[in-house]
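So the structure is just underneath, and the comments pick up after that.
Each chain gets a letter, A, B and so on, in the order the sequences are listed, and its residues count up from 1. Keep in mind that the numbers below use all heavy atoms, side chains included, and drop hydrogens, waters and symmetry copies.
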Amino acid sequence: MRETAIRVEGLSKRFGSVLAVNGLDLEVPAGIIFGFLGPNGSGKTTTINLLLGLLEPSGGRAEVLGLDVATEADDVRANTGALLEHSGIYEQMSADENLEYFGRIYRMSTAERDGRIRELLEQMGLWDRRAERAGTWSRGMQQKLAVARALLHRPAVVFLDEPTAGLDVVAASALREDLANLVANEGATVFLTTHNMAEAERLCDRVAVVRNGELLAVGHPDEIRARAGGPHLEVFGDSFSQQALTRLREQPSVASVVQQNGHLSVQLQESADTAELVSLLVEAGVRIEEVRRGQASLEEAFLAMMEEEECSLTS
Amino acid sequence: MLTDVLTVAWKEQKTQLRQPGGKWRSLLNLIIPFGFIGLYGPFSDADWVESPFVAIMCTIFSMVFLITTIPDSFAGERERHTLPTLLASRLPDPAIILGKLIVAIGYGWGVVMLALLVGLVTANVVHWDQAPLMYAPRILFPAVILSLLSASLIALAGVLVSLRAATVQGATQTLVTALMLPGVALQVLGVVVLSQPAWRAGMRQGLDSLDFVRVALTVILVLIVLDVLLLAAAMARFQRSKLISQ
């Protein structure tokens, strides 16, 4: 089995004066869900279009399943599935017909196609409504159908461009669950773009963070979170006196203390003893209601990275 | 390749009548050619089956049918956001274009051919005393070939326009405008010629001496050349990188 599904070296794409993708270097191992994170306009969709051979790179090169996206684009598209910015569902056709069309496109035999359509629609809970016109469905159902279409021909690599964008919380959660189950069953490599950090944290084995077409970080979500700093403590209560805050700041295990919205946010060194710090606060007269210790979330890490990038751009 | 063309054609025929307003548009596209070629013409005169008007009507109606349907080919996919997904599939470029063309031309030309058949039945029923009536070969051949080639011409021009248009309405307007220009130019030329007695007499003499078969063959040859050129232009214009970034 191939170890690397996607390899990108110095990939760039320029539209006139805008550099949408700027010297991107990536390696996506096979069989994982890879999250490609970035704010709007950071070059996520352009990168997918480049990897599908739909756009010609301005510089660098990319390989999907060992196939060069510039010279072997037809083969790349034959071995991949895609859910792009829009679901791409033919609303005049039924769910069944939509999948049949793509089954025919990928030259699946009638028996194979019918079996696979049933399998996917049943897993997605859409089988009973397969004969209905897709245009009459909710956006969530259409997205599920689009995911089924992307996986129909059992592609080795699936590109999903913000699959849960525009869905309500319930529909997004259901789609994420279906997606995770399907990927676990199929063993495909999924290249997923999103700006929903909770989604990336929950689904992805590895993530890359991009901004203005440039790669800021890549690694396991835990590694990205760790970049935002060590553990931190949230202390809720009252009577946060100046003396208490000063004593806390004097502790060698405390990196910083910020009082905000009626609680303390304490950035700690890795070796910090939480119980000792809580005792210190109580002794200083602080009335504590709740204490939470944890790592920065992926969203916090992402925002910190965006801030750092913003600072380096303005300085 | 043929399998891919037929796959696209399969989808096109599924959605042809399901577009918004598609049924009404199709009904109108049926009523007019059937009314003229299938009923009015053969009703009015038994000589209809030998009239050059049969070929002219077939040509005009097949073109009109295509003008109303072909702008949807790519602009419709773009408008409904299905084009990027289609382009991201494994379908080869020619298969996408040819699959769409085959269905569009097939519908337009097929309707006219059916109307032609209905017209023959009508002529034999209405003028039963002169039956059996049959289209003269010098009329039937140009009617079949001219309508096919002119339908193809409009379909190819429509695909060229539709490939770059943002909306179906925009594509239709551009196509109609492009087709109206030669018509308007011909009308202006006609008015100018008819305003001069000497030119008018010359034109009448020229028309009287026209051999319909020779004219039809010349037109057929010109249409074949135009169709081939437009097909090559459509293939060249179909570039995924340009279509995806529009």
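- Of the inter-residue distances, the one linking Leu52(A) atom CG with Arg240(B) atom CZ reads 10.5 Å to the nearest 0.5 angstrom.
- To the nearest 0.5 angstrom, Thr85(B) atom OG1 is 7.0 Å from Leu83(A) atom CG.
- Contact check for Ile244(B) versus Leu55(A): side-chain heavy atoms found under the 4.5 Å cut-off.
- In this structure a side-chain-to-backbone donor-acceptor pair under 3.5 Å is missing from Arg77(A) to Leu91(B).
- Contacts between Glu85(A) and chain B at a heavy-atom distance below 4.5 Å are absent for every atom of the residue.
- Considering all non-hydrogen atoms of both residues, Glu97(A) and Trp10(B) come closest at O-CH2, 3.8 Å.
- For Gln239(B), no part lies under 4.5 angstrom from a heavy atom of chain A.
- Thr80(A) does not touch chain B: none of its heavy atoms, backbone or side chain, sits under 4.5 Å away.
- Proximity to chain B (any heavy atom under 4.5 Å) is shown, for Phe159(A), by neither the backbone nor the side chain.
- In this structure, the separation between CZ on Arg104(A) and OG on Ser89(B) is 14.5 Å, given to the nearest 0.5 Å.
- Residue Ile48(A): no heavy atom, backbone or side chain, is found under 4.5 Å from chain B.
- Nearest heavy atom pair, residue Thr82(B) against residue Gly88(A), reads CG2-O, 3.6 Å.
- Considering only heavy atoms from C-beta on, Arg90(B) stays 4.5 Å or farther from Asp74(A) through its side chain.
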